[in-house]
Every structure is written in C-alpha cells, then in structure tokens.
Amino acid sequence: GQQVMQIPQYQHVQEGEDFTTYCNSSTTLSNIQWYKQRPGGHPVFLIQLVKSGEVKKQKRLTFQFGEAKKNSSLHITATQTTDVGTYFCAGRDGGSQGNLIFGKGTKLSVKP
Amino acid sequence: EPEVTQTPSHQVTQMGQEVILRCVPISNHLYFYWYRQILGQKVEFLVSFYNNEISEKSEIFDDQFSVERPDGSNFTLKIRSTKLEDSAMYFCASSEVYSNQPQHFGDGTRLSIL
C-alpha cells in the first residue's frame, strides 16, 4: 500500500536557524497537506499543495510540492520558539479519493 | 471559528470492556474521520464516514470497531472489547469535501486501557 516517509524524525535547532522537513511518497499523490501538532495538542491544518511544482509561502514557512508529485518539503526560515511541535505531511493517493496517509512527522525543538 | 468537539477528554477502561468515544463534527461538514495516535507516534487513519456509511477503513479498523451517527450532530467510535494495545489518543476530524479540503481535528480523547 501507499507509504509516506518523512525525515528527519527529530530536529533540534537554535532559535534563528532554519529548519526543513522532507516528505516522500511511494506513489504519486493527488495532493499533499501539512499539519502542525503542538505538544499535547491536535493536528492543525497548515496548507494544501495540489499542483506539480507548486510553492506556497506562509510568512516564514515555505512549502513545495515536487514536479512528480511524489515529494514535498516544508522549510522554516529563522525559527522561533513558537515553531516548536511536530510537523506532519499527509498525502492522498493520486489514483483514488482515498484516505489521508500521514508521515511519521518531524519533531522540531527550538533552543532559545 | 467552528470546532470539532470530542468527549470525554480522557477515558480509562478495563481491558475487555466496551468504550464509546464521542465527537461533534463541524455542522456544515459532510465527511467525518477517526484517527488514532499511539503516544509519540504518527497519526493513523482508522475510518472515514459519509452519507451515513463508512467510506473507507484501514486495516486497524477491524470487527472490534464500529462507527455511528446516531443523530444529526454526534459521530461515535465504539470499541467492543478493548485491548491493552488500544491505548492511544483518538482524534475525530471533519471536512467539507472529501478529496480536496483540509481536515479539522478535535482535541482528541486519550484512551487508557488497564
């Protein structure tokens, strides 16, 4: 079945440093969504990418969808302590209206 | 902003007992979901529900699990005979349109099986 792999599993950065998490799917995705989960919280939708090669920005966050629609990345510029949490990508198989498959997430910690 | 609400926030149950987790999706949403997250692990899809029937389910969602929309607002997950490995956070989510809209998650129910 479809698998969504995400690396790294953990990332520790100094406040002000950049951060990137990468997501790869075993199959072509119809779209990919990114969620953020704060410690003890629930996943919160950040963004959805649909088009091949799409790039979207939200303030310091930049999201990319690969040309082949099998990979994606989230880049945070100049991290802040408020960025702490686990970032999950979630993809849906391109061939169906199937369920979202979540990656294992990247847990970001930011040292002030 | 409308929210998905889940009750209870924490449920402690003896192994072998039945448990019902409750959710109230956002009122104009049509699709409902249950996910499970074992402590420190990823979010795992259990089941999706549309038009009063299961749309998709994962391998985790075996005969011990069932879902129901007993009235116009509640969406429930029942685990018939709980096992120790059912201990997890269970999230309910809803979305307006199945295939291309974000899912809104509730705060979750932490289920502890003793």
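Numbers restart at 1 for each chain; the letters A, B, ... are given by sequence-line order, proteins then strands.
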Counting heavy atoms not belonging to B:Leu39, are there more than 12 under 6.0 Å from its CG?
-> no
Exercise for review: Treating Ile, Leu, Val, Met, Phe, Trp and Tyr as nodes and any side-chain heavy-atom pair under 4.5 angstrom as an edge, say whether A:Leu74 and A:Val13 lie in one connected cluster.
Suggested key: yes
Ranking A:Gly103, A:Gly105, A:Gly41, A:Pro43 by heavy-atom pairs under 4.5 Å to chain B gives rank one to A:Pro43
Note to self: Would A:Leu100 and B:Tyr33 count as a side chain to side chain contact (heavy atoms under 4.5 Å, CB included) here? Give the steps.
What the structure shows: CA-CA 10 Å; A:Leu100 277 181; B:Tyr33 314 85; over 6 Å; no
Decide yes or no for A:Tyr35 and B:Val43: does some side-chain heavy atom of the first lie under 4.5 Å from some side-chain heavy atom of the second? no
B:Phe91 and A:His42 have their tightest heavy-atom pair at CE2-CB, 3.3 Å
Rounding to 0.5 Å, atoms CD (B:Glu44) and CZ (A:Phe102) come to a distance of 11.0 Å
Answer key: most heavy-atom pairs under 4.5 Å with chain A among B:Gly106, B:Ala93, B:Ser58, B:Gly108 is B:Gly106
Among the clusters formed by ILVMFWY side chains lying less than 4.5 Å apart, do B:Phe32 and B:Ile26 turn up in the same one? no
- Task: Return yes when atom CD of A:Gln80 has more than 12 non-hydrogen atoms of other residues, nucleotides or ligands closer than 6.0 Å, and no otherwise.
- Result: yes
Applying a strict 4.5 Å limit to non-hydrogen atoms, the region of B:Gln37 in contact with chain A is side chain
Turns out that what part of A:Gln37 lies under 4.5 Å from chain B's heavy atoms comes down to side chain
query: Does any N or O in the side chain of A:Gln33 come within less than 3.5 Å of the main-chain N or O of B:Gln101, such that one atom is a donor and the other an acceptor?
result: yes
